[in-house]
Amino acid sequence: MEIPVVRNVLEANDRLAETLAGIFKAKGILCLNLMSSPGAGKTTLLERTLSDLKGEFRMAVIEGDLQTDNDARRVAATGAQAVQVNTEGGCHLDSGMVLDALKSIDTEGLDILFVENVGNLVCPAEFNLGEDHKISLLSVTEGDDKPEKYPLMFHISSVMLLNKTDLLPYVDFDLERASAHARKLNSEILVLPVSCKNGEGLEQWYGWLREARAAKRA
């Protein structure tokens with residue numbers, strides 16, 4: 001009896017996701033859904049990206065979290081628009097939450113909308129938010145077998161950022177092993193080793209953003 005209920009929830013979410021995708025298409029907004037486990041560095045990545053590219057793009061962020069507006073305050077300090085969505089215990093954002101949050105964002109002339117999903121390697125991957133791309137972050141302080149253990153997130157992501165590479169000398173993490181696991185699940189996934197602390201690899205990330213935004217406006 002529970003299976004139809006789950007299907008109904010996902011079907012309702014998908015209908016709203018189609019509405020969101022239509023809005024993003026009509027307005028030419030590139031929407032990216034950032035997913036990772038807690039502490040992988042999503043907010044730090046956003047702080048660097050919003051600061052480094054603010055002269056090039058108009059960007060906004062929808063922040064998903066269980067409680068607090070700490071992350072929204074951090075990204076708002078860069079000058080970007082930020083809207084906080086507290087799920088109050090929910091383990092992911094859904095399309096209804098994003099649609100409601102979008103009403104608080106000035107979308108006129110907006111180039112890129114980032115959705116920072118709740119820190120969780122399972123549930124966020126199951127909900128379509130009408131985004132153009134899903135982006136997964138994996139930090140080198142986690143196991144390099146995470147793509148193998150949590151396959152759906154990496155199977156459906158366009159990009160996997162391997163963050164905190166400045167810590168590689170101090171941890172037992174094999175970049176090649178993690179990359180191989182991800183590419184086995186998704187041969188098209190782009191793997192980018194980065195450090196949001198010292199900036200290593202971020203130019204490649206920014207290059208991908210420029211190409212994705214140009215493709216959206218083409």
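Hydrogens, waters and symmetry mates are skipped; everything else that's a heavy atom, side chains included, is used.
Under the 4.5 Å side-chain criterion, counting only non-hydrogen atoms from C-beta, Arg210 is in contact with Leu53. With a 4.5 Å cut-off on side-chain heavy atoms, Arg74 and Thr44 count as touching. Using a 4.5 Å heavy-atom cutoff, the side chains of Asn33 and Pro124 are not in contact. Taking the side chain as every heavy atom from C-beta outward, Arg177 and Asp145 approach each other to under 4.5 Å. When side chains are defined from C-beta on, Tyr150 does not count as touching Leu138, because their heavy atoms never get closer than 4.5 Å.
Panel note: side chain Ser157, backbone Met160; no donor-acceptor pair is recorded below 3.5 Å. In this structure, the side chain of Asn163 does not engage the main chain of Ser139 through any donor-acceptor pair within 3.5 Å. Checking side-chain atoms of Asp65 against main-chain N and O of Thr68 turns up no donor-acceptor pair under 3.5 Å. Asp94 places no side-chain N or O within donor-acceptor distance of the main-chain N or O of Phe127, the cut-off being under 3.5 Å. In terms of modelled atom types and a separation under 3.5 Å, the side chain of Asp14 and the main chain of Asn128 share no donor-acceptor contact. Although no hydrogens or angles enter the test, the distance criterion places no donor-acceptor pair under 3.5 Å between the side chain of Thr78 and the main chain of Ser51. With hydrogens and angles disregarded, a donor-acceptor distance shorter than 3.5 Å links the side chain of Asn117 to the backbone of Leu93. Checking side-chain atoms of Glu200 against main-chain N and O of Asp166 turns up no donor-acceptor pair under 3.5 Å. In terms of modelled atom types and a separation under 3.5 Å, the side chain of Asp111 and the main chain of Met59 share no donor-acceptor contact. A donor-acceptor pair is defined here as one N or O able to donate and one able to accept, closer than 3.5 Å; such a pair exists between the side chain of Asp174 and the backbone of Glu176.
Applying side chain to side chain contact (heavy atoms under 4.5 Å, CB included) to Leu34 and the options Lys42, Glu131, His133, Lys134 leaves one that passes, Lys42. Remark: of the listed residues Met35, Met153, Lys149, Met153 is the sole one forming a side chain to side chain contact (heavy atoms under 4.5 Å, CB included) with Leu121.
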Starting from the C-alpha separation in whole Å, work towards a yes-or-no answer on side chain to side chain contact (heavy atoms under 4.5 Å, CB included) for His181 and Asp144. CA-CA 9 Å; His181 283 321; Asp144 51 23; 5.7 Å; no

The test is side chain to side chain contact (heavy atoms under 4.5 Å, CB included); show your working for Leu30 and Phe57 and say whether it passes. CA-CA 11 Å; Leu30 175 67; Phe57 299 124; over 6 Å; no

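In this structure, Asp106 places its CG atom where more than 12 heavy-atom neighbours from other residues, nucleotides or ligands lie under 6.0 Å away.
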